[in-house]
Every structure is written in structure tokens, then in C-alpha cells.
Amino acid sequence: MIKKAIIPAAGSGTRLGPFTDAIPKELLPVGDKAIIEHVVEAFELTEVDEIAIVVSPRKHGLSDYLGSGKKFGMHFSYVVQDERLGLANAVLAGEHVINNHQFAVALGDNFFRSQDFLRDLIAFHEEEDADATIGVAKVEDVTRHGIIKAEGNAVVDLIEKPKPEEAPSDLGAIGIYAFKPIIFDAIRETKPGYKGEFQLTDSMKILVEWGKKVVYKEIPGIHIDIGTVKDLVRANAYYLDNRGGEKR
Ligand code: UTP
């Protein structure tokens, strides 16, 4: 049973400047809650009770906002990623908290329509007894995502942000994953890739090369990877129209 998780939140959020000069992207509001609090709430519907939140050295705002985790019935540890070296590197920073257990990962800047997306992903991972389970959706722009090549529900190849003509499908990773701890070994073997960063996509490709069981789960409904002001406005419009989310 998955009881631990990592939320990477150490990015620089340059596309949301100048707000992110002062406020971590993950603390910008969607309705009456910070983006990352929506992610934490999705974990509340799972068995996860300990989360490593990966922050950059200048992001103490996240611990000011989220606190110890007590108000969510969980325990949070704040782990510092010294340099923005990519998602694989951010996940590796949380290894000591995970301590050889299975775990889930959810990016701190993603917004989902359903609240069950993490519960469903984790249940699928456990049923499949997979080494890695990747949450995917049909994406409009393959150049913004890690794209998978699938056979049945097995992932047989992955490419980070391919050119449209090189994309093996339109199924893109949407920032939620479940792993056995062997992913940390794969991350240690990962070489810098796209933009010179350690890409989690490349680490999962190593698992495939090792013959490990990597599967995917399609997540239905709206998903917004909040990178720009337009994304933030879209997430807010959706949330306020559909779920209320305004303090009265
Ligand atoms: P993004 O790709 O959106 O990058 O990261 P970013 O740095 O936040 O934003 P831009 O590109 O500068 O505008 C996706 C998620 O992964 C985390 C980010 O905090 C964000 O939640 N991340 C990314 C890390 O924690 N560490 C990294 O090295 C990279």
C-alpha cells in the first residue's frame, strides 16, 4: 500500500514572472486555495500520510503556507533541491524520506478536474504490481510533454518533448506517477537530457530498458499544467464555475 509521496515544487516558474519573483508558482491561487493545496487534497483521498515537498532554497513560502501537514492529517517534510536540475533530480532529493517504500509523485503546479486522479492511479499501480505507473492524457501539444509509446497497457518507449513528427503517440505524461523504489537506481543512471536537465522520462526509459514493468493509466477530464498566466486563468475559471471555491 502506498503511504508516501513526493511533490516536486522547486521549479523557477519564470513564465509566471514577475509574480514568481516573490511567490512560488505552486502558491498562486486557484479559487480559494493555492495550486499545491489542491494536489494535497487529492492525496487526502488516498492512504498517503507522509509527503516530501521538494522546494528550492528560496521557497520557504511553501512551508509557511502548508505547515507540518497536521491540518491535512499528514506529515510533510521539506527537502531542498539546491539547483533546478530537472524533475528526476527533484525526485531523487526526496529519496531519504521514501526510504525504500513504494511511493507516488504529483507535480505541485498541476490542476485536475477530478479529485480522484491520484487514488485511481495508485489503485491501478497496486493492481498491476508495476515498477512504474505513468498518468497520461491525450495532449494537444506533444512538444510540451513526455510522450509514451504503448503496447497494450505496457509502456515500451518514452520521448521527452518530441517534435510533432517524431512523437510515437499523443499520450503525454501529466505529472503524476507511482513507483517502486527501483526508480531511484534508474535516476542515478540517468544522463542529462532535454535542456541539460535530468528528465524523469529518461529514468523511466531506463526502467523499460532494464525489462521492468512500466505501465500507463489514462486520466480522464480536464488537466491543466499551470505554466503561464493563461493556464492560471483557465484553472480558476474552471474551478470557480464548477466547484464554487470562493470564500464567503
Ligand atoms: P516546470 O517545467 O513547469 O518548470 O516544472 P518551472 O521551473 O516550474 O517553470 P518555468 O518553466 O520556469 O516557467 C514542473 C513542476 O516540476 C517542478 C516545478 O516546481 C513544477 O512544480 N520542478 C521542475 C522541480 O521541482 N525541480 C526541477 O528541477 C524542475
Side-chain angles (χ1 to χ4, degrees), residues 5-30 33-43 51-63 65-66 76-95 97-98 103-112 117-118 134-137 139 141-147 160-162 172-177 179 183-184 187-188 190-204 223-235:
I6 296 177
I7 302 183
S12 30
T14 42
R15 289 167 297 156
L16 271 158
F19 303 111
T20 44
D21 293 344
I23 306 165
K25 170 164 77 172
E26 296 78 6
L27 289 184
L28 294 173
V30 172
K33 298 180 185 95
I35 303 169
I36 195 170
E37 193 175 341
H38 293 282
V39 178
V40 168
E41 283 187 352
F43 274 121
I51 304 182
I53 299 170
V54 184
V55 298
S56 73
R58 48 177 281 275
K59 280 192 159 178
H60 55 82
L62 280 156
S63 51
Y65 184 101
L66 291 169
F76 297 158
S77 329
Y78 295 89
V79 176
V80 176
Q81 183 190 22
D82 291 318
E83 268 184 85
R84 191 196 179 292
L85 291 177
L87 197 52
N89 181 261
V91 170
L92 191 59
E95 183 178 16
V97 176
I98 299 306
F103 66 103
V105 173
L107 298 186
D109 66 349
N110 275 207
F111 176 78
F112 289 83
F117 61 99
L118 286 170
I134 310 173
V136 303
V139 295
D141 184 359
V142 291
T143 66
R144 273 184 76 172
H145 295 264
I147 302 295
E160 183 64 28
K161 300 185 176 66
I174 51 172
I176 58 173
Y177 311 87
F179 293 117
I183 189 66
F184 294 120
I187 291 175
R188 274 186 277 275
T190 304
K191 310 252 173 334
Y194 182 84
K195 281 197 175 166
E197 293 176 8
F198 295 91
Q199 299 290 347
L200 195 56
T201 304
D202 294 334
S203 311
M204 295 185 293
H223 151 258
I224 304 172
D225 165 10
I226 300 178
T228 63
V229 170
K230 202 170 165 189
D231 299 328
L232 189 64
V233 171
R234 269 177 62 218

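All ligand and atom numbering here is 1-based and tracks the order in the structure. Here, residue 1 is the first one in the sequence, and each next residue gets the next number. None of the values given here were measured: they were computed from a predicted structure. Computation of the quantities below employed the complete heavy-atom set of this structure, encompassing side-chain atoms and omitting hydrogens, waters and symmetry-equivalent molecules.
Here the shortest heavy-atom pairing between D231 and R144 reads OD2-NH2, 3.6 Å. The shortest non-hydrogen separation linking V39 to A106 is CG1-CB, 3.7 Å. Shortest non-hydrogen contact noted between Y78 and L66 is OH-CB, 3.2 Å.
Using a 4.0 Å cut-off between a side-chain N of Lys or Arg and a carboxylate O of Asp or Glu, R15 and D109 do not qualify as a salt bridge.
A donor-acceptor pair is defined here as one N or O able to donate and one able to accept, closer than 3.5 Å; no such pair exists between the side chain of R84 and the backbone of E197.
The 4.0 Å heavy-atom shell around ligand 1 contains residues P8, A9, A10, G11, S12, G13, T14, R15, K25, E26, Q81, R84, L85, G86, L87, A90, L107, G108, D109, ordered by chain and number.
To the nearest 0.5 Å, atom CD of residue E26 and atom CD1 of residue I53 are 10.0 Å apart.
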